[in-house]
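See below for the structure under consideration.
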There are 2 protein chains.
Amino acid sequence: MTEAVSRPTLEAVAARAGVSRATVSRVVNGGDGVREPLVERVRRAVEELGYVPNQAARSLVTRRHDAVAVVIAEPETRVFADPFFALQLRGISKELTAHDSQLVLLLTEGPEDYARVGRYLAGGHVDGALVFSLHLDDPLPGLIRGAGVPTVFGGRPGWGDGPRGDGPTVYVDSDNRGGARDAVRHLVGLGRTRVAHITGPLDQTSAVDRLDGFRDVMVDADPRLIVEGDFTPAGGERAMRVLLDRCPEVDAVFAANDLSASGALRVLRERGRRVPEDVAVVGFDDMLPVAEGADPPLTTVRQDIEEMGRLMARLLLRGLDRRGRDEAAHPGPGEGLGGAPSSVVLPTTLVRRASA
Amino acid sequence: MTEAVSRPTLEAVAARAGVSRATVSRVVNGGDGVREPLVERVRRAVEELGYVPNQAARSLVTRRHDAVAVVIAEPETRVFADPFFALQLRGISKELTAHDSQLVLLLTEGPEDYARVGRYLAGGHVDGALVFSLHLDDPLPGLIRGAGVPTVFGGRPGWGDGPRGDGPTVYVDSDNRGGARDAVRHLVGLGRTRVAHITGPLDQTSAVDRLDGFRDVMVDADPRLIVEGDFTPAGGERAMRVLLDRCPEVDAVFAANDLSASGALRVLRERGRRVPEDVAVVGFDDMLPVAEGADPPLTTVRQDIEEMGRLMARLLLRGLDRRGRDEAAHPGPGEGLGGAPSSVVLPTTLVRRASA
DNA sequence: GGCCGGCCTGAGAGCGCTCCCCGATCGGGT
DNA sequence: ACCCGATCGGGGAGCGCTCTCAGGCCGGCC
């Protein structure tokens with residue numbers, strides 16, 4: 001708890017360097033259009049005085065904040081039990097840092113917080129928002145679009161892919177459906193014929209997409225082989241018990257995530273089924289401590305979570321840039337022909353371990 | 001990606017309500033000293049116009065930002081593999097939200113980021129900082145103190161408890177040592193005589209404190225019963241193997257965290273030792289998916305991580321408040337007689353499950 | 001050698017808000 | 001009913017910065 005000291009202003013630097021405020025400003029902001037000797041002199045003055053620009057003053061006039069809000073809306077405690085968001089945050093952080101932007105974290109505990117978040121975003125305190133909304137019926141995305149803040153979503157939002165309101169919805173997601181297909185195909189390739197699926201909570205698009213992927217391969221799967229889980233180990237256990245009771249001859253399980261797979265594994269062990277000999281199990285996420293630490297280690301579908309975060313940030317920043325200088329950019333990944341960012345779906349890879 | 005609209009100013013609200021800017025300002029900032037009918041009129045104007053104060057303009061004059069930086073310095077990937085920070089963040093977020101403060105997240109990937117963080121903090125963009133520095137030799141805390149920003153640390157910093165530089169170091173930590181004592185006493189109470197300890201990385205104060213707690217109880221423990229781990233399952237496995245090789249008659253293990261305990265558990269199973277019959281195992285953290293999901297479920301030491309976060313934020317905000325109006329506050333927890341915040345060590349509780 | 005053009009530099013006007021200070025206003029006391 | 005004190009409202013300055021604009025300097029070209 002130390003007193004803050006009064007910091008030098010642009011004016012002070014200008015005086016010290018013997019130039020005008022404007023020149024110092026130019027140097028501080030890149031130095032274009034200032035001749036080398038002056039640049040040098042100003043740089044030195046900045047250094048000596050330990051000058052740091054006052055962001056508030058700067059924002060006041062530029063109307064930019066070099067800050068992005070990250071909104072994590074998750075009513076359930078579950079979220080924080082897995083490293084998913086942490087990894088995304090890290091990816092986001094890296095990308096933002098590289099662009100000298102700050103990360104303002106907005107966590108909501110429930111719908112009662114939504115108004116606050118909406119107000120904050122609408123308040124123009126940040127240049128854009130990265131929003132994680134996992135539930136189909138979540139009002140938050142709508143609220144945010146209403147705030148008129150450039151936004152990129154993490155995970156496919158519930159309303160589908162198409163445009164809605166003004167402008168297309170931009171999101172970054174893993175190829176949940178494709179990954180699920182790969183997982184199930186792998187099981188089928190192993191010669192398994194009674195492949196079951198423990199789903200995630202079906203109010204989340206990722207769970208729905210994984211189920212769709214399962215169905216893509218198991219076109220006429222016995223509906224009794226599909227049991228709803230909730231992405232938790234306990235849910236996995238419950239589902240596995242149901243599965244075993246309903247259909248004892250099941251010889252493979254595709255669990256919608258590693259956590260439920262670990263629960264399934266435990267029940268299988270408890271019931272004396274060998275994995276993978278009697279029942280092959282595949283998870284999803286490649287959540288390391290869980291997947292690698294499982295017994296046996298879990299074959300699973302890996303998604304590059306950190307990269308998702310990085311990409312979200314990149315897409316947002318790119319969109320932000322475009323508003324300033326509207327020259328045609330070189331379309332990169334996640335950028336349509338017009339240069340406007342478009343959604344990106346990242347590939348997944350199957351990681352083979354012992355369980356299948 | 002929607003265009004932002006130009007937002008109404010104080011002036012506009014004033015015009016609409018038929019009062020002066022100052023009056024609107026007063027109402028917006030609490031409404032003291034304005035008569036009820038006027039307050040009402042202003043409130044309505046604010047509502048109708050959807051006015052939100054421009055934080056940049058406000059900060060420019062008040063020199064307050066209503067924002068706190070959360071610095072998470074963790075060179076290792078490990079951090080994000082556990083929900084520790086996520087839970088703290090949540091506690092912090094709740095508390096900050098209640099005080100209308102924003103949370104600016106600063107993640108560092110390594111020492112190369114420290115200068116950036118130092119510059120940001122010194123730049124006076126935030127009112128204070130909450131810093132997680134886990135390593136004894138981390139230069140970051142010093143750097144931050146140098147920046148002259150009010151700071152509360154998460155976890156006891158490496159340089160010990162005493163004051164250093166200007167003002168005391170304020171931190172919030174779990175009672176790692178006491179918790180460790182409880183864990184070991186529990187094992188001893190079970191009649192175990194050859195109690196081993198798998199430590200955490202000893203460049204972290206939490207690991208050191210837990211080791212100290214172990215030693216407090218096992219005063220003349222066979223040094224061969226203490227093996228250094230690294231808070232990971234793999235480290236726990238390694239350590240357990242060493243332990244079993246060195247000292248096959250070991251009948252209890254206190255692992256410095258749940259992750260290493262889970263590794264130990266796996267090795268014990270692999271070597272045919274029954275838990276808890278042959279070897280009792282206690283972990284630390286009560287990291288739920290790991291502890292509850294372990295086989296057998298882990299007896300462990302629970303710390304209230306979210307509360308730690310909440311307390312950190314509360315301490316910081318309280319310190320911040322004191323700088324404004326310096327009236328003597330009612331000393332609460334974590335507040336010395338002078339009203340200045342002091343460090344807090346939170347109690348831990350032993351959670352009994354099947355492993356010991 | 002003179003003139004024109006281009007590139008740098010400096011002066012000044014605010015961005016939206018808070019807060020100080022003074023004038024206005026209202027209530028109470030006699 | 002009058003005066004005084006306390007309290008409330010309005011005007012204005014200025015927080016630190018950016019950015020436009022006009023002027024100055026230098027080089028090049030004829």
Side-chain angles (χ1 to χ4, degrees), chain A residues 4-43 45-46 49-67 100 122-127 324-325, chain B residues 4-43 45-46 49-67 100 122-127 324-325:
Chain A
V5 287
S6 99
R7 294 156 353 74
T9 74
L10 240 207
E11 190 85 48
V13 177
R16 175 146 196 139
V19 297
S20 73
R21 281 200 323 275
T23 300
V24 178
S25 175
R26 277 188 279 258
V27 171
V28 169
N29 291 290
D32 302 335
V34 179
R35 253 174 310 208
E36 195 43 47
L38 267 200
V39 171
E40 195 40 50
R41 224 158 78 209
V42 172
R43 288 254 160 79
V46 166
L49 262 38
Y51 169 76
V52 183
N54 180 321
Q55 184 61 39
R58 184 179 270 174
S59 295
L60 185 55
V61 35
T62 59
R63 276 125 198 299
R64 292 179 57 259
H65 301 86
D66 293 322
D100 286 315
H125 301 296
V126 291
D127 300 325
R325 37 164 196 68
Chain B
V5 286
S6 96
R7 295 158 348 79
T9 73
L10 240 207
E11 189 85 49
V13 177
R16 175 147 198 140
V19 297
S20 75
R21 280 197 328 273
T23 301
V24 179
S25 176
R26 278 189 277 259
V27 171
V28 169
N29 292 290
D32 303 333
V34 180
R35 259 176 313 207
E36 194 43 47
L38 266 201
V39 171
E40 195 40 51
R41 223 159 80 212
V42 172
R43 288 255 159 78
V46 165
L49 262 37
Y51 169 76
V52 183
N54 180 322
Q55 183 62 40
R58 184 179 271 175
S59 297
L60 186 55
V61 35
T62 60
R63 274 120 200 301
R64 292 179 58 259
H65 301 86
D66 293 322
D100 286 316
H125 301 296
V126 291
D127 300 325
R325 35 161 199 69

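Bear in mind that the values here come from a model prediction, so they are computed numbers and not experimental data. Sequence lines set the chain letters: A, B, ... in the order given, protein chains first and strands last, and positions in each chain run from 1.
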Shortest non-hydrogen contact from [X] toward [Y]:
{"X": "B:L60", "Y": "A:A56", "answer": "N-CB, 4.0 Å"}
{"X": "A:H125", "Y": "B:V52", "answer": "NE2-CG1, 4.1 Å"}
{"X": "A:R64", "Y": "A:S59", "answer": "O-OG, 3.0 Å"}
{"X": "A:L49", "Y": "A:P8", "answer": "O-CG, 3.4 Å"}

message: Please compare A:A57 and B:R26 by the position of their nearest nucleotide in DNA chain D and report the one closer to 5'.
response: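 Looking at the nearest nucleotide for each, B:R26 comes out on the 5' side.
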Nearest-nucleotide comparison on DNA chain D, the residue closer to the 5′ end among B:L60 and B:G18: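 Taking each residue's closest nucleotide, the earlier one in sequence belongs to B:G18.
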Taking only N and O in the side chain of [X], is any of them less than 4.0 Å away from OP1 or OP2 of [N]?
{"X": "B:T62", "N": "C:dT18", "value": "no"}
{"X": "B:R35", "N": "D:dC8", "value": "no"}
{"X": "A:T9", "N": "D:dG16", "value": "no"}
{"X": "B:S25", "N": "C:dC19", "value": "no"}

Could you check how far [atom1] of [X] sits from [atom2] of [N], rounded to whole Å?
{"X": "A:R64", "N": "C:dC15", "atom1": "CZ", "atom2": "C1'", "answer": "15 Å"}
{"X": "B:Q55", "N": "C:dC15", "atom1": "CD", "atom2": "P", "answer": "19 Å"}
{"X": "A:H65", "N": "C:dG16", "atom1": "NE2", "atom2": "P", "answer": "11 Å"}
{"X": "A:R7", "N": "D:dC15", "atom1": "CZ", "atom2": "C1'", "answer": "12 Å"}
{"X": "A:D66", "N": "D:dT18", "atom1": "CG", "atom2": "C1'", "answer": "14 Å"}
{"X": "B:E11", "N": "D:dG10", "atom1": "CD", "atom2": "P", "answer": "12 Å"}
{"X": "A:L10", "N": "D:dC15", "atom1": "CG", "atom2": "P", "answer": "13 Å"}
{"X": "B:R63", "N": "D:dG14", "atom1": "CZ", "atom2": "P", "answer": "14 Å"}

- request: Between B:V61 and A:T23, name the one whose nearest nucleotide on DNA chain C is closer to the 5' end.
  value: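 Nearest nucleotide further toward 5': that of A:T23.
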field: Under 3.5 Å: donor-acceptor pair, side chain of A:D127, backbone of A:H65
entry: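 Answer holds: yes.
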[X] side-chain proximity, nearest of [options]:
{"X": "B:N54", "options": "C:dG16, D:dT18, C:dT18", "answer": "C:dG16"}
{"X": "B:A22", "options": "C:dC19, C:dT9, C:dG16", "answer": "C:dC19"}
{"X": "B:R58", "options": "C:dT18, D:dG9, D:dT18", "answer": "C:dT18"}

- prompt: Base, sugar-phosphate, or nothing: which does B:R21 touch, judged by heavy atoms less than 4.0 Å apart?
  reply: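 Base: the residue B:R21, judged by heavy atoms under 4.0 Å, touches a nucleobase.
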